[in-house]
Colleague: 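After the structure tokens below, expect a handful of questions from me.
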Amino acid sequence: QVQLVESGGGLVAAGGSLRLSCAASGSIFSISGMGWHRQAPGKQRELVATITSGGSTNYVDFAKGRFTISRDNAKSTVYLQMNSLKPEDTAVYYCNANIASSGMSYRYQNYWGQGTQVTVSS
């Protein structure tokens, strides 16, 4: 089995910071792209940021200048540093990754974590 597990969510005041972590585990052969999405109550899931295996990053407009995505390939972990948080950032944050594993005959599959709640108070 391959799993992604997020951590680091919680309650923070507006203007504060949080760092989310997402660790992949299981029979991992390699990981290509990784990213973060979020979903607020009553809204569709939306992209936040992505990062390639080589470290190239992309951000949605609302995340630029405030959020930073990074990864540690040795630990199969992706991070999301969130600064200057706003109440509208309140959402469940999900990590995802394209992973090739022995259990899936080394074919790349897209995996999602269970999500971690981020609540920003005004």
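Counting from 1, the numbers follow the sequence of the chain as shown.
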Colleague: Testing the 3.5 Å rule here: is there a donor-acceptor pair between the side chains of Ser17 and Asn83?
Modeller: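 On atom types as modelled, these side chains qualify, holding a pair under 3.5 Å.
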
Colleague: Closest approach of Leu18 and Gly8, non-hydrogen atoms and distance?
Modeller: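 Smallest interatomic distance, heavy atoms only, reads CD2-O, 3.8 Å.
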
Colleague: Can you tell me how far OG1 of Thr50 sits from CG of Asn58, rounded to the nearest 0.5 angstrom?
Modeller: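 The CG atom of Asn58 sits 4.5 Å away from the OG1 atom of Thr50.
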
Colleague: Backbone N or O of Gln114 within a donor-acceptor pair of the Glu6 side chain at under 3.5 Å?
Modeller: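 Checked: pair present.
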
Colleague: Any idea which heavy atoms bring Cys22 and Leu4 closest together, and the distance?
Modeller: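 That would be SG-CB, 3.8 Å.
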
Colleague: Would you mind reporting whether Asp89 and Phe67 have side-chain heavy atoms less than 4.5 Å apart?
Modeller: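 Yes, at least one pair of side-chain atoms sits under 4.5 Å.
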
Colleague: Any chance CZ of Phe29 has more than 12 other-residue heavy atoms, nucleotides or ligands included, within less than 6.0 Å?
Modeller: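 Check fails, neighbour count at 12 or below.
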
Colleague: Are Tyr79 and Val12 joined in one hydrophobic group, where the rule is that I, L, V, M, F, W and Y side chains link up if heavy atoms are under 4.5 Å apart?
Modeller: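 No; tracing contacts between hydrophobic side chains, which count when under 4.5 Å, never links both residues.
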
Colleague: Do the non-hydrogen side-chain atoms of Gln109 and Asn98 ever get within less than 4.5 Å of each other?
Modeller: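 No, side chains not in contact.
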
Colleague: Is there a path of hydrophobic side-chain contacts, each under 4.5 Å between heavy atoms, that joins Ile28 and Ile51?
Modeller: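 Yes: a chain of side-chain contacts under 4.5 Å links Ile28 to Ile51.
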
Colleague: Check Lys64 with Asp61, please: is the shortest side-chain N to carboxylate O separation under 4.0 Å?
Modeller: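 Looking at Asp61 and Lys64, the cut-off is met.
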
Colleague: Test your reading of the model: is there a side-chain donor-acceptor pair from Thr90 to the backbone of Val120, 3.5 Å cut-off?
Modeller: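 Yes, Thr90 side chain to Val120 backbone: donor-acceptor pair under 3.5 Å.
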
Colleague: I'd like to know if the side chain of Gln44 pairs up with that of Gln39 as donor and acceptor (distance under 3.5 Å, no hydrogens or angles considered).
Modeller: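 Result is no, nothing qualifies.
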
Colleague: Do we see a donor-acceptor contact under 3.5 Å between the side chains of Tyr108 and Ser30?
Modeller: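 A donor-acceptor contact under 3.5 Å links the two side chains.
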
Colleague: Val5 and Met34: same hydrophobic cluster, using ILVMFWY side-chain contacts below 4.5 Å?
Modeller: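 No, no single cluster joins them.
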
Colleague: Could you state the interatomic distance from OG (Ser32) to CD1 (Ile99), rounded to the nearest 0.5 Å?
Modeller: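 Interatomic distance, Ser32 OG to Ile99 CD1, rounded to 0.5 Å: 8.5 Å.
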
Colleague: A side-chain contact here means heavy atoms from C-beta on lying under 4.5 Å apart; do Leu80 and Thr68 qualify?
Modeller: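 Result no, sub-4.5 Å side-chain heavy-atom pair not found.
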
Colleague: Do the non-hydrogen side-chain atoms of Phe62 and Lys86 ever get within less than 4.5 Å of each other?
Modeller: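 No, too far: nothing below the 4.5 Å cut-off.
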
Colleague: Roughly how far apart are Trp36 CH2 and Glu46 CD, rounded to 0.5 Å?
Modeller: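 Answer rounded to 0.5 Å: 14.5 Å.
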
Colleague: Should Trp112 and Val118 be regarded as members of a common hydrophobic cluster, given that ILVMFWY residues are connected when their side-chain heavy atoms come within less than 4.5 Å of each other, either directly or indirectly?
Modeller: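 Not linked; separate clusters.
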
Colleague: Which atoms form the tightest heavy-atom contact between Arg71 and Asn73, and what is the distance?
Modeller: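 For Arg71 versus Asn73, the nearest heavy atoms are NE-OD1, 2.7 Å.
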
Colleague: Any side-chain heavy atom of Tyr94 within less than 4.5 Å of one from Arg38?
Modeller: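 With C-beta onward as the side chain, the pair stays apart.
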
Colleague: Of the non-hydrogen atoms in Ile69 and Tyr59, which two are nearest, and what is the gap between them?
Modeller: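 The answer is N-OH, 2.9 Å.
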
Colleague: Which heavy atom of Gln117 sits nearest a heavy atom of Val92, and at what distance?
Modeller: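 That would be OE1-CG2, 3.3 Å.
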
Colleague: Do you reckon Val78 sits in the same ILVMFWY cluster as Leu47, going by side-chain contacts under 4.5 Å, direct or chained?
Modeller: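 Looking at the clustering, Leu47 is in the same group as Val78.
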
Colleague: Measuring only between side-chain heavy atoms, which start at C-beta, is Ser101 closer than 4.5 Å to Val2?
Modeller: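 Yes, close enough: below the 4.5 Å cut-off.
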
Colleague: Work out which heavy atom in Ile31 is nearest to a heavy atom in Ser53; give both atom names and the distance.
Modeller: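 That closest heavy-atom pairing would be O-CB, 3.9 Å.
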
